[in-house]
Amino acid sequence: MAQVHKILILPGDHAGPEVMKEALKVLSLIQSHTSSTKTFQHTTDLCGGISINTHQTPITDSVLSLAASSDAILFGSVGGPEWGTTYPNPESGLLRLRTHINAFANLRPCRFYSRSLVEKSPLKEHVIRGVDFMLVRENCGGAYFGDKVEDYENGIASDTWGYTAPEIERCARVAGALARQMGKGTVVTSADKANVLASGRLWRNTVTSVFEKEFKDVELRHQLADSLAMLLCTNPSKFNGVIVTDNTFGDILSDQAGGLVGTLGILPSASLCGVPEMEKGVKGLYEPVHGSAPDIAGQGKVNPVAQILSLSMMLRYSFCMYEEADAIDAAVEKVLDSKDIGGLEVRTGDLGGIATTGEVGDAVCKVLEELLKK
Ligand SMILES: NC(=O)C1=CN([C@@H]2O[C@H](COP(=O)(O)OP(=O)(O)OC[C@H]3O[C@@H](n4cnc5c(N)ncnc54)[C@H](O)[C@@H]3O)[C@@H](O)[C@H]2O)C=CC1
Ligand SMILES: CC(C)CC(=O)C(=O)O
Ligand SMILES: [Mg+2]
């Protein structure tokens, strides 16, 4: 009997549904290839602004319980100027989802998915070539979830940027486990502001102690988060391996990673609810690093690669489907390297091309179909 994987699909707002459409084409191809061994049961529902418009809340209890009973969630992106920032805004639906399923470790890889993309980076080729790191961002704690004071009438507001040792420990374990999976010699860089923040000092002491006790074989380095931001521009390959950091720094540094490769449109992410193991899938929430791109949404201009690669991360980490995940990554690489549209690259505008969102998705499917036949 085929193994059943329950997937909840939450496309979200603006660019979210556009790129999700392309990822679902890829999922359907994978499904027809593996139908004898795996069945993907997927349900689509609402989160974000679209849920506010329909249910007056960014995420309903019923969607939260669907998420809790799913093996994986494939998420688009939420938010947009029409909903503003006042709580409960669309983004708070995503934050609630992350904590509801305890998706505490957000893996955000930064690398070029095609050699020819190196020239699209704003950095000089010799600086950026070979960059390949996995940023592990703590995803359910810190300033995004601490107590808030919102007394705007009196001009007072604050966010509590707090951590407990167990929250840091579990994140450090994910970083250590990933480093081991990447192979001997992989370095883990922990980024914090231990020179200023109390939570930063707890972060540094706790990460150090986890590595001393549980990952003696993995080299751990510490870097202040502000200088890391600078060094990522001047010498990014120095941080090849794993970077582990807290929620706020991880959010900012992973968008900076988009700057390193030249666009947010190719960066996927996986928010895992446990430590990844090679033999056993872990539940997770998969979404691009980018937001809902309202400035370009609805015109076929959005790059679907980050969403498609988020699907590949889902197959890898939640379902241990390594061959299929590798095939998707290879198909993306081949498409980004090819010149199919009037002699031009099959790339969206963010990568200097003229292809539409749908053309990139179709091209990935075409190559993937061939790769899966082999
Ligand atoms: N996970 C999520 O749902 C996230 C939601 N947001 C929300 O998204 C909305 C827009 O936020 P922004 O700060 O503008 O960030 P953004 O990530 O949506 O866009 C930043 C820039 O990158 C471009 N971009 C993003 N994704 C792209 C893609 N796939 N292809 C080509 N270009 C792409 C956009 O056109 C824009 O110029 C806000 O409401 C924000 O809160 C932001 C980040 C994450
Ligand atoms: C809740 C999200 C909008 C925060 C964010 O920017 C992200 O997770 O990348
Ligand atoms: Mg962000």
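Counting starts at 1 for both ligands and their atoms, in listed order.
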Looking at Trp203, Trp161, Tyr144, which hits ring pair (Phe, Tyr, Trp, His ring centres under 6.0 Å) with Phe249? Trp161

Can you report which non-hydrogen protein atom sits closest to atom 3 (C) of ligand 2, along with the distance? Glu91 CG, 3.5 Å

When you look for heavy atoms under 4.0 Å from ligand 2, do you find them on the side chain of Leu95, its backbone, both, or neither? side chain

Going by the atom numbers of ligand 2, which of them fall below 4.0 Å from some non-hydrogen atom of Arg98? 1 (C), 7 (C), 8 (O)

Look at the side chain of Arg201 and the backbone N and O of Ala194, then say whether any donor-acceptor pair between them is shorter than 3.5 Å. yes

Under 3.5 Å, which donor-acceptor pairs do the side chains of residues 360-374 form with other protein atoms, sequence neighbours left out?
{"from": "Asp362", "atom 1": "OD1", "to": "Lys25", "atom 2": "NZ", "distance (Å)": "2.7"}
{"from": "Glu370", "atom 1": "OE2", "to": "Lys373", "atom 2": "NZ", "distance (Å)": "3.3"}

Sidechain N-carboxylate O distance under 4.0 Å for Arg316, Asp329: yes

Excluding water, the protein N, O or S atoms sitting under 2.8 Å from the Mg ion (ligand 3) are Asp251 OD1

Kindly say whether Leu315 contributes a backbone atom to a donor-acceptor pair with the side chain of Glu324 at under 3.5 angstrom? no

Tell me whether Lys283 is salt-bridged to Asp71, with the criterion being a basic N under 4.0 Å from an acidic carboxylate O. no

Measuring from non-hydrogen atoms of Arg108 to any atom of ligand 2, is the shortest distance under 4.0 Å? yes

Interatomic spacing from OG1 in Thr57 to CD1 in Ile59 - rounded to 0.5 Å: 8.0 Å

Just list the side-chain donor-acceptor pairs under 3.5 Å for residues 259-271, sequence neighbours left out, or say none.
{"from": "Thr263", "atom 1": "OG1", "to": "Gly265", "atom 2": "N", "distance (Å)": "2.8"}
{"from": "Thr263", "atom 1": "OG1", "to": "Asp350", "atom 2": "OD2", "distance (Å)": "2.6"}
{"from": "Ser269", "atom 1": "OG", "to": "Asn106", "atom 2": "ND2", "distance (Å)": "3.3"}
{"from": "Ser269", "atom 1": "OG", "to": "Glu287", "atom 2": "O", "distance (Å)": "2.8"}
{"from": "Ser271", "atom 1": "OG", "to": "Asn106", "atom 2": "ND2", "distance (Å)": "3.2"}
{"from": "Ser271", "atom 1": "OG", "to": "Asn139", "atom 2": "ND2", "distance (Å)": "3.1"}

So, Asp217 and Lys184, do they make that salt bridge, N to O below 4.0 Å? no

Could you check whether any heavy atom of Glu287 sits closer than 4.0 Å to an atom of ligand 2, since that is the contact criterion I want to use? no

Salt bridge check: are Asp61 and Arg96 linked by an N-O gap of less than 4.0 Å? yes

Inventory of protein N or O atoms under 3.5 Å from ligand 1 N or O:
{"from": "ligand 1", "atom 1": "1 (N)", "to": "Glu287", "atom 2": "OE1", "distance (Å)": "2.9"}
{"from": "ligand 1", "atom 1": "3 (O)", "to": "Val78", "atom 2": "N", "distance (Å)": "2.8"}
{"from": "ligand 1", "atom 1": "8 (O)", "to": "Ser292", "atom 2": "N", "distance (Å)": "3.1"}
{"from": "ligand 1", "atom 1": "8 (O)", "to": "Ser292", "atom 2": "OG", "distance (Å)": "3.3"}
{"from": "ligand 1", "atom 1": "17 (O)", "to": "Gly291", "atom 2": "N", "distance (Å)": "2.7"}
{"from": "ligand 1", "atom 1": "18 (O)", "to": "Gly291", "atom 2": "N", "distance (Å)": "3.4"}
{"from": "ligand 1", "atom 1": "18 (O)", "to": "Ser292", "atom 2": "N", "distance (Å)": "3.3"}
{"from": "ligand 1", "atom 1": "18 (O)", "to": "Ala293", "atom 2": "N", "distance (Å)": "2.8"}
{"from": "ligand 1", "atom 1": "26 (N)", "to": "His290", "atom 2": "ND1", "distance (Å)": "3.4"}
{"from": "ligand 1", "atom 1": "29 (N)", "to": "His290", "atom 2": "NE2", "distance (Å)": "3.2"}
{"from": "ligand 1", "atom 1": "29 (N)", "to": "Asn303", "atom 2": "O", "distance (Å)": "3.0"}
{"from": "ligand 1", "atom 1": "30 (N)", "to": "Asn303", "atom 2": "N", "distance (Å)": "2.9"}
{"from": "ligand 1", "atom 1": "35 (O)", "to": "Asp295", "atom 2": "OD1", "distance (Å)": "2.8"}
{"from": "ligand 1", "atom 1": "35 (O)", "to": "Asp295", "atom 2": "OD2", "distance (Å)": "3.0"}
{"from": "ligand 1", "atom 1": "37 (O)", "to": "Asp295", "atom 2": "OD2", "distance (Å)": "2.9"}
{"from": "ligand 1", "atom 1": "39 (O)", "to": "Gly80", "atom 2": "N", "distance (Å)": "3.3"}
{"from": "ligand 1", "atom 1": "39 (O)", "to": "Glu91", "atom 2": "OE2", "distance (Å)": "2.7"}
{"from": "ligand 1", "atom 1": "41 (O)", "to": "Glu91", "atom 2": "OE2", "distance (Å)": "2.4"}

Any donor-acceptor pair under 3.5 Å linking the side-chain atoms of His222 with those of Thr208? yes

With only distance considered, is Asp251 within less than 3.5 Å of ligand 2 through an N or O on each side? yes

Polar side chain donor-acceptor pair, Arg204 to Asn195, under 3.5 angstrom: no

